[in-house]
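The structure under discussion appears below in the form of structure tokens.
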Amino acid sequence: MPAATIVADGATPPPSGIKVVVVGAGFGGLTAAIECKRQGHEVVIYESFPELKALGDIISFGSNGGRIFHRWNNGSVSAEMRKVSIDLSEYGFKIHKYDTGEIVAHQKTPEKDPNSPVFNGHRGELHTIVFEYAQSIGIQINLGKRVVRYFEDKEGAGIELESGEEVRGDMVVGSDGVRSKARTLVLGYEDKPKSSGYAVWRAWFSNKDMIADPRTKQFCENGDTFNGWIGPDVHFLFSTIKNGSDCCWVLTHRDEHDIDESWSFPGKLSEVLEVLEGWDPMCKAIVEKTPSIVDWKLVYRDPLPTWVSKEGRICLLGDAAHPFLPTSAQGATQALEDGVTLAVCLKRAGKENVPAAVKSYQEIRYDRVRKVQKTGETTRDMWHKADWEKVKKDPKAIELPREDWVMLFDAERHAEEVFDEVVKKFT
């Protein structure tokens, strides 16, 4: 097997001859493709959406994700992302008690590390930057291509498109989201999502009406802000971004609706205001200025027994393998770490040992992902069941966790360090 050449340290790996077919051009699929290219593999992407649309609202990448972006093109990609991301170096995160509105904790923003920046910004804007970078380095992205079948044999794997065309490679990455088709092939059965018991109303809008109201203009006049109101089984997070010009909020609440298929619908502001009855009037003042909202049902999946197909030529990545609750603030970042790890494993194993590489990818990622997934539940429960007497004595008890084992992780270096030991299980 080839020796370690750490691309992070400026090495250039030789071409591996491995062809990787990626399904899905979200952050996980794009990152897997970019990292495969960095590590010397040939890669092509197929995406069902017919065109790139800057959809969505707020998305977060921890410093463990920022480190990955920063390594692309000598930091120029992360510099572009920085321009459209929130800057809380002055403001921090103010946490309010839901009914009185009093600030119970003021969490300072950690010192910036230029090599592992943190990004919170509009999903569509950040995605466009990554998408365009992938295209600029010669990655072929085929839009409007719906995959109807995945297949594999001892020699390789492939996909069949709606048109009947077949595309083959040495392996296929199923980064096709929560309703993954690849998942059914990998598991051998249909894995239905469950309701997590929660839903999130989400909104993104311009500051026009906020600035016109003396009660709310404070959030838009002095740069970026981040405030959270924490209540029983509900939390409301509100940010202003791009120097206060854009506003966004998310409100997580109990919701037992059955989510058989669609998990995202237009929401009703009247229902939001009902949930906020008896809350700090500031929350209502913000919500009233929102032109439209999305009602997003949070699906949950039991941890899958495997992310890798029988022949070891197809793997799941990102949401297809492990959907996260938004309270972890790590769902997208963990998909990035997946892509980095897979690309390193393929390089280290070489073209003759693709199945061993793919199995090693799961072995390296599986337990870490489970641990990080759990933080979504623990943070939500810490907020929704807050003991206000305890918080009064120790405001840190309600702060958003930013743990070193999550944030300081270097997925590329880790994969390089553990690969030789892990791959022994599969060769």
Side-chain angles (χ1 to χ4, degrees), residues 53-60 84-88 91 93-101 103 119-127 196 198-255 257 259 262-298 325-327 329 331 380 383-384 400:
K53 284 187 178 157
L55 299 171
D57 47 67
I58 194 94
I59 191 168
S60 303
V84 295
S85 292
I86 200 165
D87 180 4
L88 295 171
Y91 195 88
F93 176 33
K94 294 179 183 175
I95 303 174
H96 305 251
K97 188 163 182 271
Y98 71 102
D99 49 359
T100 61
I103 296 171
F119 298 112
N120 294 280
H122 189 284
R123 177 184 294 267
E125 292 175 352
L126 291 169
H127 182 261
S196 67
Y198 287 86
V200 183
W201 285 305
R202 314 178 64 104
W204 185 287
F205 52 105
S206 95
N207 71 2
K208 187 166 62 66
D209 295 338
M210 294 282 293
I211 250 184
D213 184 338
R215 294 172 302 169
T216 54
K217 66 178 188 171
Q218 54 170 310
F219 297 113
C220 303
E221 287 184 325
N222 306 298
D224 296 347
T225 66
F226 183 25
N227 286 267
W229 284 259
I230 309 296
D233 253 341
V234 178
H235 66 271
F236 176 66
L237 303 177
F238 172 66
S239 310
T240 54
I241 204 162
K242 289 196 261 181
N243 208 26
S245 65
D246 288 12
C247 308
C248 65
W249 58 259
V250 294
L251 190 152
T252 301
H253 60 104
R254 297 287 312 177
D255 186 302
H257 280 94
I259 37 88
S262 180
W263 67 87
S264 187
F265 315 86
K268 296 191 181 89
L269 280 171
S270 56
E271 290 180 4
V272 182
L273 295 170
E274 224 170 90
V275 167
L276 291 174
E277 199 58 54
W279 280 49
D280 175 7
M282 185 61 83
C283 300
K284 189 180 175 191
I286 293 165
V287 168
E288 283 172 341
K289 295 170 181 55
T290 309
S292 65
I293 59 169
V294 169
D295 181 0
W296 184 38
K297 310 300 183 195
L298 295 180
L325 293 173
T327 30
R380 180 195 67 201
W383 280 351
H384 288 189
L400 186 61

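In this text, all values refer to a predicted model and were calculated from it rather than measured experimentally. Along the sequence shown, residues carry numbers from 1.
Residue pairs meeting the side chain to side chain donor-acceptor pair (under 3.5 Å) criterion with at least one member in residues 271-286, sequence neighbours excluded, are W229-D280.
With values rounded to the nearest 0.5 angstrom, T216 atom OG1 is found 7.5 Å from F238 atom CZ. Atom CG of N227 is separated from atom NZ of K94 by 6.5 Å, given to the nearest 0.5 angstrom. Separation of atoms CG (N207) and CG (D213) is listed at 12.0 Å; rounding is to 0.5 Å. Within the model, atoms CZ of R202 and OG1 of T290 stand 13.5 Å from one another, a figure rounded to the nearest 0.5 Å. With rounding to the nearest 0.5 Å, the separation of CD1 in I58 from OG in S239 is 5.0 Å. To the nearest 0.5 angstrom, L269 atom CG is 12.0 Å from K289 atom NZ.
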Query raised in the report: Going through the checks in order, is the side chain to side chain contact (heavy atoms under 4.5 Å, CB included) test met by F236 and V272?
Result: CA-CA 10 Å; F236 176 66; V272 182; 5.8 Å; no
Requested in this report: Might you work through the side chain to side chain contact (heavy atoms under 4.5 Å, CB included) test for W249 and F205, ending with a clear yes or no?
Outcome: CA-CA 9 Å; W249 58 259; F205 52 105; 3.6 Å; yes
**Report entry** side chain to side chain contact (heavy atoms under 4.5 Å, CB included) between V84 and H122, worked out
**Finding:** CA-CA 8 Å; V84 295; H122 189 284; over 6 Å; no
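When the side-chain contact (heavy atoms from CB on, under 4.5 Å) test is applied to K242, the partners found at least two apart in sequence or on another chain are E125, S245, D246.
Counting only distance, with no hydrogens or angles, the side chain of T240 and the backbone of F219 share a donor-acceptor pair below 3.5 Å. Counting only distance, with no hydrogens or angles, the side chain of D233 and the backbone of R254 share no donor-acceptor pair below 3.5 Å. Between the side chain of S85 and the backbone N or O of G121 there is no donor-acceptor pair closer than 3.5 Å. Under a 3.5 Å cut-off, the side chain of D224 and the backbone N or O of G244 do form a donor-acceptor pair.
Checked against the 6.0 Å centroid criterion, the rings of Y198 and H384 qualify as a close aromatic pair.
Within 6.0 Å of NZ on K217 lie no more than 12 heavy atoms contributed by other residues, nucleotides or ligands.
W201 is not listed as a side-chain neighbour of V287, based on a closest heavy-atom distance of 4.5 Å or more. At least one side-chain heavy atom of C247 sits under 4.5 Å from a side-chain heavy atom of C220. Side-chain atoms of I241 and W204, non-hydrogen and from C-beta on, do get closer than 4.5 Å to each other.
Nearest heavy atom pair, residue A203 against residue I293, reads CB-CG2, 3.8 Å. Residues H235 and L237 share a closest heavy-atom pair of CD2-CG, 3.9 Å. Listed here is the closest heavy atom pair of L276 and C283: CD1-CB, 4.1 Å.
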